[in-house]
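Written below as structure tokens is the structure these notes are about.
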Amino acid sequence: MQAVLAASELSPATLRAYGVALRGILDHAGVDPNPARSLRLRWLKSQSEQFSPMEAAEVVAILERVSKRLRLPLIVAEQCGHRVGELAKLTWADVDEQGCRFRLRRETTKRNRPRWVPVPAWLMDVVADSCPREDRTPERRVFVGFNVSAARSAMRQACKLAGIAHYHPHDLRHRRVSLWYRRGENPVQIAEWAGHSARMSLDVYAHVLVGGEVPVARFLELLGRGGDDTVMTELPRVARESRSCA
């Protein structure tokens, strides 16, 4: 049985999930002894995720080739380490403009844990300007029309047009977490921002080599706002001092 499953080239985690399901089915059918519970079975161990972070030039190349309405949420994903699904569900009730941070509610996160994510001050200004204050009802989505499918499709096409490796929206998150480690942020704080366990975050990201930041001026240019030659450095002080989720 294990050989048959292994031949399918499924991931170790998926193989184990199928094994658990099969044990339950055979138990329910009254099969005794249950071969899926044999101590001779040795399931493959999951390996730590391996990836090559996107370079700054690749981020710019992609943003240049996606529609303008997708640029801002993708830049937020790259700057703040959000999952695309979390960004798609972000409402104006979750925006702390003064504190330069976004709230991710429990029901919108992968691990069912709320958290605050810091946002660079220049980027919060752009987000705030994207919707008139009088139109910011609490339930209104911050990025209207933005969803996982649209982001994946746009990035796939942009990578093809740019002649670079095929990157997914989630690679923007990988890049940001890696840059946080490169910048020397506290590992426990990084895990909190990313919604990871500290151990998993260290195992996956701490030893990854990643290039430098994209200049703020280039992001602002892509957003049609112009700007100076400032390069992204520190997170907003208020956001850096946030340690808990309301």
Side-chain angles (χ1 to χ4, degrees), residues 2 5-6 8-21 41-59 62 74-89 101-120 148 151-152 155 159 164-214 232-235 239-245:
Q2 190 174 14
L5 289 174
S8 67
E9 298 185 355
L10 297 172
S11 70
T14 301
L15 289 175
R16 286 199 302 275
Y18 279 132
V20 171
L41 289 177
R42 294 292 183 269
W43 299 100
L44 297 174
K45 293 183 178 180
S46 296
Q47 300 297 317
S48 296
E49 183 179 2
Q50 299 295 319
F51 64 94
S52 298
M54 303 167 68
E55 296 296 332
E58 293 174 317
V59 174
I62 290 170
L74 290 177
I75 289 174
V76 171
E78 192 275 344
Q79 285 287 285
C80 306
H82 288 82
R83 297 179 178 90
V84 174
E86 295 170 343
L87 275 181
K89 298 174 184 176
R101 58 183 185 170
F102 291 148
R103 177 184 63 180
L104 297 178
R105 287 168 283 117
R106 182 185 306 276
E107 62 271 20
T108 68
T109 64
K110 180 179 179 180
R111 298 180 183 275
N112 197 35
R113 293 175 54 190
R115 67 184 194 274
W116 287 102
V117 179
V119 181
V148 175
R152 285 176 178 170
M155 283 190 61
C159 290
I164 61 177
H166 179 198
Y167 290 107
H168 299 269
H170 204 72
D171 290 311
L172 297 169
R173 169 178 165 84
H174 288 322
R175 170 178 160 79
R176 178 49 44 194
V177 178
S178 299
L179 283 168
W180 280 335
Y181 274 104
R182 171 179 168 169
R183 200 164 60 197
E185 300 290 348
N186 184 292
V188 174
Q189 181 64 87
I190 292 174
E192 182 178 321
W193 289 336
H196 292 152
S197 69
R199 178 176 179 180
M200 188 279 279
S201 186
L202 281 167
D203 287 346
V204 175
Y205 295 100
H207 307 292
V208 173
L209 294 176
V210 60
E213 298 275 13
V214 177
M232 292 174 290
T233 54
E234 294 298 314
L235 295 166
R240 289 172 59 84
E241 293 174 355
S242 298
R243 289 295 182 269
S244 61
C245 300

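Any value given below was found using the heavy atoms of this structure, including those in side chains, with hydrogens, waters and symmetry copies removed.
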Considering only heavy atoms from C-beta outward, does the side chain of [X] approach that of [Y] to under 4.5 Å?
| X | Y | value |
| --- | --- | --- |
| Val177 | Ile190 | yes |
| Val117 | Arg176 | no |
| His82 | Leu104 | yes |
| Met54 | Ile62 | yes |
| Met155 | Asp171 | no |
| Glu213 | Arg183 | yes |
| Tyr181 | Ser201 | yes |
| Glu78 | Leu179 | yes |

Does [X] reach the main-chain N or O of [Y] with its side chain, forming a donor-acceptor pair under 3.5 Å?
| X | Y | answer |
| --- | --- | --- |
| Arg101 | Pro118 | no |
| Arg175 | Pro53 | no |
| Arg115 | Trp193 | yes |
| Arg103 | Pro114 | no |
| Ser178 | His174 | yes |

Do you know the tightest heavy-atom contact between [X] and [Y]?
| X | Y | result |
| --- | --- | --- |
| Pro120 | Cys80 | CD-SG, 4.2 Å |
| Gly212 | Ala56 | O-CB, 3.6 Å |
| Val204 | Val208 | O-CG2, 3.3 Å |

Review point. Can you name the ring pair (Phe, Tyr, Trp, His ring centres under 6.0 Å) partners of Tyr167, sequence neighbours left out?
Key: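 With sequence neighbours excluded, Tyr167 shows a ring pair (Phe, Tyr, Trp, His ring centres under 6.0 Å) to no residue whatsoever.
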
Exercise for review: Please name all residues satisfying side chain to side chain donor-acceptor pair (under 3.5 Å) with Arg83, sequence neighbours left out, ordered by chain then number.
Suggested key: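 For Arg83 the side chain to side chain donor-acceptor pair (under 3.5 Å) partners, ignoring immediate neighbours, are Glu86.
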
Point to revise | Which residues share a side chain to side chain contact (heavy atoms under 4.5 Å, CB included) with Ala77, sequence neighbours left out | key: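 Scan of Ala77 (side chain to side chain contact (heavy atoms under 4.5 Å, CB included), adjacent residues dropped) gives Leu87, Leu172.
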
